Student: 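Mind looking over this structure? Questions follow.
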Amino acid sequence: MFDIDNINEIWQTIARNKTRSLLTAFGVFWGIFILVILLACGNGFNNGLLSQIEGFATNSTFMISSPTTEAYKGYQKGRDWNADMSDIEAIKKIVKGVDMVSPIYSQWTYNGENNVFYGTKGGNFSLKGVMPNYIDIDRCKVLYGRFINETDISEARKVCVLGKKAYEDIIGIDKNPLGMMIKANGIYYQVVGVVEAYNSKVSISGSMSETVILPLTTMQIAYNMGSKFDFFVFTTARGYNTKDLQKEIKNLLRERHDIAPTDEGAFVCFDFEEVFTMFEFLFIGIKILIWIVGIGTLLSGVVGVSNIMLVTIKERTREIGVRRALGAKPGVIIRQVMSESLLLTVLAGIVGLVLGVGIMAIVAGFVNNMPSDDVMFLDPQIGFSAAIAATIIVILSGLLAGVLPAIRAIQIKAIDAIREE
Amino acid sequence: MLKLNNINKTYFGAQPLHVLKGINLNVEEGELVSIMGASGSGKSTLLNIMGILDNYDEGDYYLAGKLVKNLSENQAAEFRNKFIGFIFQSFNLIPFKTALENVALPLFYQGVNRKKRNLMAMEYLDRFGLKDWADHYPNELSGGQKQRVSIARALVTSPKIILADEPTGALDSKTSAEVMQILREVNATGITMVIVTHERGIANLTRKIVYLKDGLIESIEENDPDKMDFTKAIK
Ligand SMILES: Nc1ncnc2c1ncn2[C@@H]1O[C@H](COP(=O)(O)OP(=O)(O)OP(=O)(O)O)[C@@H](O)[C@H]1O
Ligand SMILES: [Mg+2]
């Protein structure tokens, strides 16, 4: 279809009316350009948000005990209660579908005074007592040594894992921290590891990079907590429903702590999965909207091409008639008109695509190199598949734009050329 | 070569107009025929039917022994491309193509490759003294040159028949004479030719003159153009 002769034929007709062809093509160019820009920006926001929650187990829920809101079994409402280690064991044993449960106790720093020291160098950091599996929920990179392990827990060892910032501030990046003794809230701990949070935006009670992490048992002893903790996090195993697990866990705890079966206020729950799902839907919605707007813009470009080509065909009645008289078959005419529309559309579309992708690549270059941690906009580019889809859409719109003009063109008979004056 | 039996044609416009009311005509191979008649007598209509540009309502039309009736668009296109060359009063050259490209166009529709096409087109342009004008666009040519280009275009596919509707209608007398000279030479090579004209002088240069009146053939006159004084023949 696209040999030199045909291209030449098509090009002649397109080039004959350069301004008009250009204006026509602009509609398609603009449609694709806008589509690419919008898609890329949508991806940028999506990536930005994903980078904020990156590293955090998206199937996790955290639960805090809260004073009861209903009187039950002789207890007044408003009673304080606390989940403890035996509840964790019970959840592990009884509730099916719970992947991990991890209790946490954290000691906040209120007054901003330095509370963690290495020698005389100090800093202000919160302490967090965790179980070894905590690193699978609030994921982080181990820079030195190791994370808290089972022995630390069972022996309530006085060891700690420093967050990256704590390490840098009180020890300094050029020193191997392993084995060093630091003092936190007046107690000495031996450093066994340094961790860095994958990201600092989503975290439970402070970023891992800015905490001193202790074995939960050690901390419970140090702060006289018995077997209590602040709250716990659980993750949902594949194939189970988080809402169902929440219900089961609540029921279990109600039973174990004499809380009314209807008391919802005795728990504060935060379901990350729900939030993530909401964001996911939000982005799917945005994407659909973008495609609708983009395709709409493109469609108006297509209508433009179609319209102008109809006018052109009308003006070319004589020429087309002469071609017919000289032996051009209807198929040849259809092919020529369709090719014209296709060539015009595809050229314009490719320019739009390339320009859009190019501009967004430059924008991405700027955005990705911004030093800020607070990026809500990251890597705004369209994927390969979206580019392919856009190309296919351009080709289809080229064909679509040519249909009406082609139909009009074959209605022109040779006799019309001779009659027209 | 051409055989028309009782051809009828009615235009269904605001009022139906019965233009051809039963035309019977034979044109033998190699003949040079002219059709004359008053304006509106149906000359062009008849020629268009002969050229399969238009269809007819009644009768039979045979072209080179084949019945031309209810042809599909594709068949008609093929017939025209193979058998018929057209020459129009208003030349009908494609304005954005050079003389060479215009002449080569029918060959393009035959699927002849570019090189051969241009070679053949150039040969025909050369034959009519237009070699130096090959790369010129129609608007850079005189009327006579344009008509010579269109004759070259009509001949390039080696058709059996040339149909010319007032080929000299837009030309002055001197150029008309030149064009007629060319057409006569073409006819001398054995190509059948039908020329519609309302100029007596042009008709006098053909061997057979068909007079059309009120949609019927009034008379057919045999003519010997060689007896004519050529300079007097045209006006
Ligand atoms: N497409 C058409 N629709 C309706 N009427 C038509 C059409 N074409 C031609 N006619 C009418 O048919 C009649 C014959 O037209 P035609 O063109 O054959 O005449 P002609 O003999 O060639 O005249 P002229 O010498 O002026 O060219 C005219 O009256 C014309 O008005
Ligand atoms: Mg006429």
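From a predicted model like this one, the values you see are computed outputs, not experimental measurements.
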Student: Is it the case that more than 12 heavy atoms not belonging to A:Phe283 sit under 6.0 Å from its CZ atom?
Tutor: yes
Student: Any idea which heavy atoms bring B:Phe86 and A:Ala325 closest together, and the distance?
Tutor: CE1-O, 3.6 Å
Student: Of the backbone (N, CA, C, O) and the side chain (C-beta and beyond), which part of A:Arg323 lies under 4.5 Å from a heavy atom of chain B, both, or neither?
Tutor: both
Student: Decide if atom CH2 of A:Trp291 counts as having more than 12 heavy atoms of other residues, nucleotides or ligands within a radius under 6.0 Å.
Tutor: yes
Student: For chain A, which residues from residues 147-163 of chain B have at least one heavy atom closer than 4.5 Å to it?
Tutor: B:Arg153
Student: Less than 4.5 Å apart, any side-chain heavy atom of B:Ser90 and any of A:Arg318?
Tutor: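 Yes, their side chains come closer than 4.5 Å.
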Student: Rounded to the nearest 0.5 Å, what's the gap from CZ on A:Arg316 to CZ on B:Phe96? Could you check?
Tutor: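 One gets 6.0 Å once the value is rounded to the nearest 0.5 Å.
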Student: Please check if the side chain of B:Asn81 supplies one atom and the backbone of A:Leu326 the other of a donor-acceptor pair under 3.5 Å.
Tutor: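 Yes, B:Asn81 side chain to A:Leu326 backbone: donor-acceptor pair under 3.5 Å.
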Student: I'd like to verify something: which residue of B:Gln89, B:Gln110, B:Glu101, B:Lys82 has the highest number of heavy-atom pairs under 4.5 Å with chain A?
Tutor: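 Of the candidates given, the most pairs with chain A belong to B:Glu101.
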Student: Got a second to check how far B:Leu93's CG is from A:Glu319's CD, nearest 0.5 Å?
Tutor: 12.0 Å
Student: Counting only heavy atoms not in A:Lys287, do more than 12 fall under 6.0 Å of its NZ?
Tutor: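 No, the 6.0 Å shell around NZ holds no more than 12 heavy atoms from other groups.
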Student: Output the residues of residues 45-79 of chain B for which the shortest heavy-atom distance to chain A is under 4.5 Å, in residue-number order; output 'none' if no such residue exists.
Tutor: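 Near chain A, by residue number: B:Asn48, B:Leu53, B:Asp54, B:Glu73, B:Asn74, B:Ala77, B:Glu78.
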Student: Look at A:Pro330, A:Ala414, A:Gly321, A:Ala328 and state which one has the largest set of heavy-atom pairs under 4.5 Å with chain B.
Tutor: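 Heavy-atom pairs under 4.5 Å are most numerous for A:Ala328.
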